[in-house]
Amino acid sequence: MKVFKFGGASVKDAASMMNVANIINQYKDLELVVVISALGKTTNALEEIAQDFFKQDLDAARQKIDKLEQQHETIVKELVKDADARIFVELKKLFNQLRQTNELFKADNFNFLYDQVVSMGELFSTRIIAAYLETLKLSVLWLDARTVVKTDTAYREPKINWEETRERILDGVKPQLGKKIIITQGFIGSTSSNHTTTLGREGSDFTAAIFSNILEAEEQVIWKDVPGVLNANPQLFPNAVKISKLNYEEAVEMTYYGAQVIHPKTIKPLQNKNIPLHVRSFIESDKPGTIIHNTPLPADIPPIIVIKSNQVLLWFSTKDFSFMAEKNLGHIIEEFSTLRIKTNVMQNAAISMAVCIDYNEAKLSELIHFLEPQYNIRVEKKVEVLTIRHYNDKIVTELTAGKDIVITQKTNDTVQFVYGKK
Ligand code: ASP
Ligand code: MG
C-alpha cells in the first residue's frame, strides 16, 4: 500500500483540486491512503478566527467565517455541477458548527479553543475532494482522522497515543484498503475524551507518516509545489538545486535545523519501518523527485542551507560568578524542556551560556520568570540562524559576508551562525 500527502498549496483552488484528483486517479487501483491539508491559506485564516473567539470578538469571527465559506463554496461550485449534491449540505453543516464555537466550547483555554477551530480546515478540504472524486466515479471512503489518530491532551502539541492509534487504524482502515481509496485529514487527532487536537503547523506530513508506519506502507509520497527536496529555500536562493537522494539521517538533520520541506516529526515513523519517502512535484507529477531512504549519502551532496528567522538569543550568566557547570546547565536545559522550548543553537563558556530559540513571547516570559531568580539573562530579539550542512569555504564566505555574527558553532559537517537581523 502507499500513503500520499497533499499539502495546502496542492488544493488551493478548483483547478489544483482537479490536478490532485488526476494524480489519485492514476493510482486508483492501488491500496491507497490519501492525507490532505486545508486549502491554501485556510489554516492562517482559522488561526485568526480562533483569536477572535478567544477575545470574544464575535462579529469579527463571523465576518471571517462568512468569507471563508464563500471561498470554499466557490470552489465546490466549480467542481460539482449538481446543485443538490450532498457536499453543499455537508459543507454548510461544518461551517455552521464553526459559527457555533462560542456556544459549544468555553473560551478560557486558548490552546484548546485553537484546536477546535483550526482543525476545521482539513474537514472542509477533505469533504470537497472526496465529493469531487465521487463525481469521477471513484470509490472513496472519507475517514475522520480523529476517530483513529489518538493523542494526549496537550492541545496544539500533543503526543500520539501509538498503541490506541495502531489498534484503530488496523481495525478500521486496513480492511478497507484496496476496496476504497481512503481520503483523510492531515494535522488532526483527538483525545481519549474525543476532543479535537492539532498536531502542530504543517503536521499533515506527520499524519501521513503515522498511517505509513502502522500500515507498513511500501512508500509514502509527499506531493509538493517544488520538484523535490532542494538544497535551500528557492524563494531565498533562486539557484537552489534538487537533491535526488537523501538518507533518513540527513533528512532529520535538515528539518531539525529548520528546513521546511518536511515536518520534522515525519522521518522517525518512516525510518523505524524502513519506508521510503518520496518528495515529488504535483505540477510535474511524472518526475521522480527526491527519494529519502536507507542509503549512503551521495558523495556529491551540495551544501544544504537553512535560514531560521524570527529567533531570540538568550545569554545566561551566573549571578555570583560561579562556573556555568553541569548543575547550572542541567537546570537551565530542564526549564527549556518543561516549557517545550526547542533550542536551535546552544553554546556555553565558563560563566555564561547562549541559547537561540524560536520567538514566542508567551514562552519567553515564562522562561525568564522561572530562571531570572538565579541567572542574569540578556535577551537579544531579531536574530537569525544560518545553518550550512556539508559546508565549504566558498559558501561560508559568500553567505556570511556583511553579517554581524555573534555566535559561530562548527562541527565536521555543520556550521551555524547567529547574527542580528538588519
Ligand atoms: N493545514 C495545516 C497547516 O497549514 C497542516 C498542514 O498543512 O500540514 O499548518
Ligand atoms: Mg498547510
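Ligands are counted one by one from 1 in listed order, and the atoms in each one are counted from 1 as well. Since this is a predicted model, take the numbers as computed values, not measurements.
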Distance flag, aromatic centroids of F282 and F6, threshold under 6.0 Å
no
Can you name the atoms of ligand 1, numbered from 1 with element, that are less than 4.0 Å from a heavy atom of R201?
3 (C), 4 (O), 9 (O)
Counting heavy atoms under 4.0 Å, the part of S37 that contacts ligand 1 is side chain
Could you tell me whether Y375 and H331 have their ring centroids closer than 6.0 angstrom?
yes
Is the shortest N/O to N/O distance between T43 and ligand 1 below 3.5 Å?
yes
Please determine if K5 has a nitrogen or oxygen closer than 3.5 Å to a nitrogen or oxygen of ligand 1.
no
Measure centre to centre between the rings of Y114 and F54, then say whether the value is under 6.0 Å.
no
Check each heavy atom of E122 against ligand 1 and say whether those closer than 4.0 Å belong to the side chain, the backbone, both or neither.
side chain
So F112 and H195, ring pair (Phe, Tyr, Trp, His ring centres under 6.0 Å) or not? Walk me through it.
CA-CA 9 Å; F112 170 78; H195 284 116; 5.3 Å; yes
Using non-hydrogen atoms of the residue, decide whether G203 is closer than 4.0 angstrom to ligand 1.
yes
Is the distance between the ring centroids of H72 and F95 under 6.0 Å?
yes
